[in-house]
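Chain letters run A, B, ... following the sequence lines, proteins first and then strands; every chain starts at 1.
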Amino acid sequence: MPLITYRQALKDGLAEEIIRDPNVLIMGEEVAQYNGAYKVTEGLWERFGDKRVVDAPISEAGFIGLGIGASMLGIRPVMELMFFSFAYVAWDQMVNNAACVRYMSGGLINVPIVIRGPANGGTNVGATHSHTPENQLANFPGLKVVCPATPYDVKGLIKSAIRDNDPVYFMENTLLYGMQGEVPVEEYTIPIGKADVKRAGTDITLIAHGRAVITCLKAAELLATEHEISCEVVDLRSIRPLDEEAILASVRKTHRALLVEENKPFCGVGAQISHLIQDKAFDDLDGPVKRLSSIDAPAIYSDPLEKYQLPNPQRVIEAVLKMI
Amino acid sequence: MPLITYRQALKDGLAEEIIRDPNVLIMGEEVAQYNGAYKVTEGLWERFGDKRVVDAPISEAGFIGLGIGASMLGIRPVMELMFFSFAYVAWDQMVNNAACVRYMSGGLINVPIVIRGPANGGTNVGATHSHTPENQLANFPGLKVVCPATPYDVKGLIKSAIRDNDPVYFMENTLLYGMQGEVPVEEYTIPIGKADVKRAGTDITLIAHGRAVITCLKAAELLATEHEISCEVVDLRSIRPLDEEAILASVRKTHRALLVEENKPFCGVGAQISHLIQDKAFDDLDGPVKRLSSIDAPAIYSDPLEKYQLPNPQRVIEAVLKMI
Amino acid sequence: MSNNTTTEVNQEEEIAPPLDAKALASGRDHPVNVSLKAEGKIRLYTTMVRIRRFEERAVRAYQQGKIGGFLHDYIGQESIAVGCCSLMKEHDHVITAYRDHGHAIAVGMNQNALMAELYGKVTGCSKGKGGSMHYFAPDKNYWGGHGIVAGQTPLGTGLAYALKYKGLKGCCMCFMGDGAVNQGVFHESLNLAQLWKLPVIYVIENNGYSMGTSLARSSAFSDSLAMRAEGYNMAWDTGNGHLIYEVRAKVAAAIERAHEHSLPTLLELKTYRYRGHSIADANAEKYRTKDEIRRTRETKDPISIFKTILLEEKVLTEDIAKDIEKSARDEANNAADYADRSPYPPVEDITNDVYWSVDNPGKHDNHGKIFFND
Amino acid sequence: MSNNTTTEVNQEEEIAPPLDAKALASGRDHPVNVSLKAEGKIRLYTTMVRIRRFEERAVRAYQQGKIGGFLHDYIGQESIAVGCCSLMKEHDHVITAYRDHGHAIAVGMNQNALMAELYGKVTGCSKGKGGSMHYFAPDKNYWGGHGIVAGQTPLGTGLAYALKYKGLKGCCMCFMGDGAVNQGVFHESLNLAQLWKLPVIYVIENNGYSMGTSLARSSAFSDSLAMRAEGYNMAWDTGNGHLIYEVRAKVAAAIERAHEHSLPTLLELKTYRYRGHSIADANAEKYRTKDEIRRTRETKDPISIFKTILLEEKVLTEDIAKDIEKSARDEANNAADYADRSPYPPVEDITNDVYWSVDNPGKHDNHGKIFFND
Ligand SMILES: Cc1ncc(C[n+]2csc(CCOP(=O)(O)OP(=O)(O)O)c2C)c(N)n1
Ligand SMILES: Cc1ncc(C[n+]2csc(CCOP(=O)(O)OP(=O)(O)O)c2C)c(N)n1
Ligand SMILES: [Mg+2]
Ligand SMILES: [Mg+2]
């Protein structure tokens, strides 16, 4: 299989869906003529033109609300948030109109919208631009939240997200855009809600999503070579729906779980999974479920400190060693 | 001690602070001339005038942002959200500017603002007006989140919140406003972050905040009389800071915990507490920590169904009986 | 910083003096009204009466405790929804705020389903899930019924965007209150609509108050709220919303601008609500004088005014009017009986209609757990 | 729906023809400029040069990899921050967006602390916690430095509210870009400011682009963005931001309106940025022509223009100019050395400055756990 970047895989997925379905359009700030702030949509405007790739003013609440309204009439907008942090100025549209209209209409209306963009810290831009709202958004019944970690996953999942008739919030990571991975040339999709065991192991289960998966894989490698500890790494891929079977199956095998996420800890995704594991696999656990999240403060600007504030392989290794 | 309502206790607390500190002002939609949509501020405009009690247009992002800016210069605004659900149109101001400015300025700036209002479902008004964002807001380091359940607590805590130099989000409940309770005439405050054991017991710990506390107390009474089960009811009162000692002390005594909240379950407050308990009291537990939340869907309009969707004494009793 | 007295004054000016006969017929000469046949005029009148009776019946049911929560009635404003919706063509759409009963009836929704929704019954238009503020009928091009002030304005802009995207000759009429003009998302919508030339008509139903706050205490403006469109180089107009002929004339021009030139319009129509903000509003007569309400009812009621006009035009007779009254009352009462007799939704319904993929099993390739009750 | 060519054209018109001598001195006759002594004029010129050199040095450090993340330089716009801030009195305050270096230096912040902040060092003005977009100096009445577009506009309105509340004669100058006018919260702020008569001045630094999007592709308007104030019955004005005399004249009028009448103003000043949106912006010359940039630099550079004027006024000589240049370069270089030598914050710092109550133990009656790392 050819090696391509996460960015390229994502772009290919977008392009394929634009070609497949005339109702698919991309909208966001700088997505067209500027080729995307992070070049995810590079070349798409030249290829598909003004109708399918649309530059929007700096009005996230306005253009995302517009996308939700258009989707009610059957358009399938793929909205780019330049940073997912900017979702906060569009929050009401995203959690009330997108999440509740189907319900409040007794199922008469669908909102087949995708809102995508990077949702991560670690890029040395400070607190306002480093938010990770996946836990907050997944709190809302009516929404789906997907966080792909690899080129293969991001392509297969963006295609499923665009074809999904429910609102799907698709969270990427600027630090993964340049990462390479194998992606088949032939078309494929990945079902939303299926986790993926990225590394098999026997001593402990590391559960993560997004870039934290890559962090865990690095840590697992070092733990194997330097400490002879065998880690299983479960990549959630989707936060809501959540693949509980995959989580439980792994923990029942390893009897230990460390939950790693770039979220802030309080009511983060790890909290929900920790509850799940102790609830459904209580007797299978050799010890408490542990969590590793971003250090609990707004994202610090200073580069070396921010690198430490986020979970990194070293912090994962220390956490695992404490558990075994 | 005199018996007064939750609403009256809250109003008395507000009035006392307005008198005590000339920098305290109340602002919100219909808080002045209309006396408050839920009459919490009734009479305060007549008493304190235009300067201290201010009616705002329907511009939550604008006037809350204005309050944050004013607080940076030493004003202590107490902002009313008619419904906390409307926080979603002001989300960026509340979670970026209020939560991060102190940090991003290296501690040079404080934001002594209070944002208060009812944050509850159960009033037959549908999904858009029934949100419970305490878990989302408590996810942000820099914010404090308080959810008082009784007249005594609401008065003592609103006074502490107003005197606090950090942003405090103060979540009430329209269904509690009319509830009566004993409140001393002499002045008092309640420290933010201290839980309160509302009922002592030995068989199981029920942990809740806000109206769910009242629900638990009703259930505990019935469980005692009809099933001879002794429940301890811990009222968190504050979500962030969180009184972990009080939670753990009770669970170490009863060895069982049921977490009850009106939040939606995914990444709700109960998830965080469940993780805490299994982490810090793993060996003290006789069985998994269980949770009871709102049934996982947008708030339904239909009255009898909404009553069932929220945790109620009957659902609490069933959950407890399953655990013992 | 707020000033009540000046407000009162403004309001007084708003109301008196009563309109003379000529003024009452304003807009009659506009083609859309000239071309109206007798049946058409009767239908306009009938629909206004049906809305009024429906809501009066709903208010009674609320007072009887059969309806809870919020009930925002439209009594006094009927001419706007009826006038605007009476001009809808195949691809014209409507969206509004929580004061949505009038628009729902104006687009042709069935009163049984509307009343049952208020009662929270499974036979309601939203199966009892939306309630008074959240009526929907996509089959009638009616997209709600939205509880968050101005939250519907970008949605309406998006409906217009979809029409243009699909190359359909239509528009979206996006209704809102005077208090909604101070929500930022409305301004973002105005900019997008003009920038992208979208066929949307923002109709401000200016009834002078947002809850207990008069226009002067909530909005800074010179002559009109509609003038805010000027900053976006957008067409705008104002009109007397009490006069259904004028409403139709004004909105017809906006519809033509949308259909023929794919351009937006901001249209402000002056109107008035007699009752409180919602039926639960105990202050209805505190933030404005009893007298102000009385005189508006007497001099500006859109139904009485139109009745006078139709009688004078000899289109209507007192007998026909009586029949219209009676069948409107019957329709509303039957709707209440129907709602009363209807069952509540079953408990399982709580988790239906949340996700399309759950309600259509097997059609989506979705896995995993999506509800987290256990 | 977007149209690039028309844009280009707009821009061309914007720029040519170069201003003649008389035009260059526009605003000179205004009292605030007439009353300026030579030192005052030299100080204006010097501050502009110091900002330019500071940022050029920062850009070099960025290219050397000493600074990461975003670096939005202000090069080409210096006359606005310097002109406006030069009129600040005791109770006048400033708040701006992420393009905040110029304002920081204009209010008198120390370049060592500013450069160290860019380097993420503990000696930075925010201890390395805020970075380029988040400069703060309350002691200089400077309230940031805000990364979210238009997020500072209600804050600035609130600073003005606080001044009025305390009965202080002052105002808040709230700076923003041309792209920020399409954020709803800005409109909510305009309404609040006019409704409550707040002493706030919204200064739109219109440099023609928001990132790669030209004004014409992002905003619907007729003559100016400032005209949006009209819908709120707010005073507004436009000016040539390249000319510091004119900037001072225009803002002086707004300050007087704020100080004497406690009224807001929306002031739009035309300007231009030579480089990309941020130093990382590789497209700087893609969404506009090289020629457009070159000719603007040549004909409209605020520093060159003011130098010409001061030479002509005999206030400045080439020798003095050289000295100013040299000490500005030295100051910037010393700041870079200082930043280089300074240490990073210690790891414990990550959880400091989050809560006042944590940083001031015992002063608040707070209990319980507030950080959740374990
Ligand atoms: C964002 C938001 N803020 C506040 C409310 C509460 N609220 C509901 S209606 C209303 C007044 C709206 O007045 P107006 O827009 O004039 O409409 P009218 O009720 O007069 O039809 C308010 C404040 C809300 N629903 N949404
Ligand atoms: C709410 C929000 N949306 C998007 C961004 C990303 N962004 C940062 S600056 C910018 C362009 C702003 O342009 P303008 O307001 O003209 O200011 P300038 O950069 O020209 O000084 C954008 C889109 C942001 N920071 N905040
Ligand atoms: Mg109104
Ligand atoms: Mg700009």
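Contact annotation for B/Pro112: neither backbone nor side-chain heavy atoms come within less than 4.5 Å of a heavy atom of chain D. D/Leu168 does not touch chain B: none of its heavy atoms, backbone or side chain, sits under 4.5 Å away. Residue contact with chain B, scored on non-hydrogen atoms closer than 4.5 Å, is absent for D/His187. Contact of B/Ser160 with chain D is not made at all, since no heavy-atom distance falls under 4.5 Å. Heavy atoms closer than 4.5 Å to chain D are found in the backbone of B/Glu60, but not in its side chain. Using a 4.5 Å cut-off between heavy atoms, B/Ala56 contacts chain D through both its backbone and its side chain. For a residue to count as touching a neighbouring chain, one of its non-hydrogen atoms must lie under 4.5 Å from one of that chain's; by this rule D/His364 touches chain B with the side chain only. With a 4.5 angstrom heavy-atom cutoff, B/Asn96 touches chain D only via side-chain atoms. Proximity to chain B is limited to the side chain of D/Asn191, based on heavy atoms less than 4.5 angstrom apart.
Side chain of D/Tyr165 to main chain of B/Leu25: no donor-acceptor pair is present (N/O by atom type, distance under 3.5 Å, no hydrogens or angles). In terms of modelled atom types and a separation under 3.5 Å, the side chain of B/Tyr103 and the main chain of D/Asp353 share no donor-acceptor contact. Within the 3.5 Å criterion, the main-chain N or O of B/Met104 finds a donor-acceptor partner in the side chain of D/Ser126. Under the 3.5 Å distance criterion, the side-chain polar atoms of B/Asp166 are matched with a main-chain donor or acceptor of D/Ser357. Here the side chain of D/Lys127 pairs a donor or acceptor atom with the backbone of B/Gly106 at under 3.5 angstrom.
Rounding to the nearest 0.5 Å gives a distance of 13.5 Å between CD1 of B/Ile75 and NZ of D/Lys164. Separating the CG atom in B/Asp55 from the CH2 atom in D/Trp196 is a distance of 8.5 Å, to the nearest 0.5 Å. D/Asn366 CG to B/Asp164 CG: the interatomic distance, rounded to the nearest 0.5 Å, is 5.0 Å. A distance of 6.5 Å separates CG in B/Leu66 from CG in D/Leu198, rounded to the nearest 0.5 Å. Interatomic distance, B/Arg240 CZ to D/Lys369 NZ, rounded to the nearest 0.5 Å: 10.5 Å. Annotation: the span from D/Asn352 atom CG to B/Arg102 atom CZ amounts to 9.5 Å, rounded to 0.5 Å.
Listed here is the closest heavy atom pair of D/Leu195 and B/Pro57: CD2-CG, 3.6 Å.
Among the candidates B/Leu108, B/Leu73, B/Val101, the single residue satisfying the side chain to side chain contact (heavy atoms under 4.5 Å, CB included) test with D/Trp143 is B/Leu73.
Listed options D/Cys172, D/Ser189, D/Gly145, D/Gly151 were ranked by heavy-atom pairs under 4.5 angstrom with chain B; first place goes to D/Gly151. Your options are D/Thr153, D/Leu159, D/Thr157, and the one with the most heavy-atom pairs under 4.5 Å with chain B is D/Leu159. Contact count against chain B (heavy-atom pairs under 4.5 Å) is highest for D/Pro154 among D/Gly368, D/Gly147, D/Gly128, D/Pro154. The choice from B/Asn165, B/Ile58, B/Leu276, B/Ile190 that makes the most heavy-atom pairs within less than 4.5 Å of chain D is B/Asn165.
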